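What follows is a short report on a single structure.
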2 protein chains.
Amino acid sequence: MLTLRQMRYFEALASARHFGKAAELVHVSQPALSAQIMEMENHLGVKLVERSRSGVFLTRKGEEVLARTRTILADVDMLEQSARASSGTLEGRIRIGVIPTLAPYLVPRLVPHLRRVYPAIEIELKESVTSRLVADLGEGLLDAVVAALPIETDGLSTKPLFSDRFYMAMADDERNILMSPLTEDQVDVEQLLLLEEGHCLRDQALAVCSTAGKRRLVSFGATSMTTLLQMVANGMGMTLIPEIAIATEAARNSIRIVPFAAPEPAREIGLVWRRSSPRERDMEALATAISDCADDIIRAAAA
Amino acid sequence: MLTLRQMRYFEALASARHFGKAAELVHVSQPALSAQIMEMENHLGVKLVERSRSGVFLTRKGEEVLARTRTILADVDMLEQSARASSGTLEGRIRIGVIPTLAPYLVPRLVPHLRRVYPAIEIELKESVTSRLVADLGEGLLDAVVAALPIETDGLSTKPLFSDRFYMAMADDERNILMSPLTEDQVDVEQLLLLEEGHCLRDQALAVCSTAGKRRLVSFGATSMTTLLQMVANGMGMTLIPEIAIATEAARNSIRIVPFAAPEPAREIGLVWRRSSPRERDMEALATAISDCADDIIRAAAA
DNA sequence: AATATTGATAGGATTTTCTTATCATGCTTA
DNA sequence: TAAGCATGATAAGAAAATCCTATCAATATT
């Protein structure tokens, strides 16, 4: 089996053209170097060097092998260097999954922010429901997931990022005469519009309004918050909207946002990653960035 | 120190994404593979793989190192293959030195002949006096030398190729009324034209004509046979010409070629190479080729 | 909870590699 | 020409690296 050691010694020998000198170059005794060269020659079945009194010459094959050896050794050097170049925080590719009820509001702020703070970052995004994202995380297809907690943590680490309060969104007309702040039992489940199955926000909405019977539930299976709020604006019902979505969606649709009475219901957004991942520092940095962005977005909505 | 073994195991691990399977791939126990991977990680100071219950993933660095590792391993394969591809007879570069009193007559036939018989040959030629050629041979700058024997053989091997008889060349006019065949003591040393110092033919000519005193020697220091024979044709004297040069030179100059009486003086042309050279077979083939060409040339002259 | 997988760890055997000492050869020099 | 020198090969034993078997710890599965 050919070894790098053999190549290193051979390189030295080719440079020194002298077994003893070459052995010094690689900090080894002359017999050790001789043995490795012989081993290499035997393995390749070729004479690499010509030993003569007037010095050591490479054979034709030796010259050819030397050329290849040099590029290989150089490549190995490159490998060591590039591997050791400890990539700092958030350098290189990071694959982030974000749930659909968060992504459209968070990502447009988060990505530019990350790019600004960590110029060497390469962001890959995936938007899907929590279960899909967690599966991808488990398979190594994602590095981090931003989703609503709690998440059954199966070899995963979690860090809470921010709290995202729920509001009720309804058509901005006179039909909806509700107290503000709203209490949960005022919600008419028949009027509640929900996202399609799989979205955590759907489950959360149901949890908030759980006091009423679930029988008369009408699901239009909306695929996005935006769709849902268009339905709301058209008077088809009302829906729960997370605070982070308000600024964007209120600007698009003519809706009224009604707060809940304390204790205000909310979802906890958190960052999730494989516990076995060596990127603790990246996760820390990412968590901070997301929290900051979310705060900005929510503060902007309040203003 | 990074080793190819580590890289081979790492490659296997990246392919199998499983320590046990990877170990099988490289015919080794799982702890052995684990240890090498750990060694590699420690050496590089980087986590290459993420060990998790749901499988083994490469880290970013791991991916990068893998890419480099693969090209290195491929290059090593190439090296082994190309080295093992036993170059047949007279394949690749061969550097041949030829003395000036032989080269102009031998080379134009020899080179096409070699190219025809050994298509993969790359010929490099050097024309110089014996001492220079032998020095170059000793320094590994030449692989073979074609020169007149004997050669003080200092770590060199020698093989006689052919015998090259001497003739006397003189102006083709009526002034030279000499017996044919010539006997050596008929030569008038004062009329003898010689090559400059260093050429073996000069010494051989003097040896042939040694019976006469050397005092009156007139040397014009001609640098080539052709020059010398032009001088002869112009009536400036006579000179020794080796048989192999006759066909070419007689066609160029109006000269008369007179043979010597038996035992005809001659030079022995031989092939010389470093005894330590592993190219015995090449030397054998080269010797045959040269002998064949020389025979052709001399036979052509006789016709 | 019991069982099966999977990678890490431990201890000792095996193989590789190294060093020192010495040899053989050919060159240099007295 | 013989003694001394330089150089790479060889030998023998020490050091190291690598490996294997057995076992552990942590998870995942049943």
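Note on naming: letters A, B, ... go to the chains in the order of the sequence lines (proteins, then strands), and numbering restarts at 1 for each one. Remember, predicted model here, so these are calculated numbers, not experimental data.
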Rounding to a whole Å, what distance do you find between A:Met1:CE and D:dT18:P? 14 Å

Residue pair B:Ala35/B:Gly155 against DNA chain C: nearer the 5' end by closest nucleotide is B:Ala35

Do B:Ser163 and B:Arg267 have a side chain donor and acceptor closer than 3.5 Å? no

Measure NE2/A:His18 against C1'/D:dC5 and give the value in whole Å, please. 12 Å

Have a look at B:Ala32 and say if it touches a base, only the backbone sugar-phosphate, or nothing, with a 4.0 Å heavy-atom cut-off. sugar-phosphate

Between CZ of A:Arg17 and C1' of D:dG8 the distance, given in whole Å, is 16 Å

Between C1' on C:dT17 and CE on A:Met40, what's the gap in Å once rounded to a whole number? 17 Å

Can you identify which nucleotide, out of C:dG26, D:dT10, C:dA8, has its nearest atom closest to the A:Met38 side chain? D:dT10

Measure from the side chain of B:Arg51, starting at C-beta and using heavy atoms only, and say which of D:dC19, C:dG7, C:dC18 lies closest. C:dG7

Would you please confirm or rule out a distance under 4.0 Å between OP1 or OP2 of D:dG8 and any side-chain N or O of A:Ser34? no

Nearest-nucleotide pick for B:Gln36, side chain only, options being D:dT10, C:dC18, D:dT18: D:dT18

Any side-chain donor-acceptor pair under 3.5 Å between B:Glu80 and A:His43? yes

Considering every strand and a 4.0 Å limit on heavy-atom distances, what is the contact class for B:Ser29: base, sugar-phosphate, or nothing? base

On DNA chain C, compare the nucleotides closest to B:Arg275 and A:Thr3; which residue's is nearer the 5' end? A:Thr3

What's the CZ-C1' distance between B:Arg5 and D:dC19, to the nearest Å? 9 Å

Would you say A:Ser276 and B:Glu50 are linked by a side-chain donor-acceptor pair, where the criterion is simply a distance under 3.5 Å? yes

Atom-pair distance (CD on A:Glu152; C1' on D:dA28), nearest Å: 14 Å

Separation of D:dT18 atom P from B:Gln6 atom CD, nearest Å, is 7 Å

Length of the NE2-P vector between A:His27 and D:dA16, whole Å: 17 Å

B:Thr288-B:Glu284 side chain donor-acceptor pair, cut-off 3.5 Å: no

Pick the nucleotide of DNA chain D nearest each of B:Pro31 and A:Ser52; which residue has the one closer to the 5' end? A:Ser52

On the nucleotide D:dT10, are OP1 or OP2 found under 4.0 Å from the side-chain N or O atoms that A:Gln30 carries? no

Might you point out which heavy atoms bring B:Leu142 and B:Ile96 nearest each other, and give the distance in Å? CD2-C, 4.1 Å

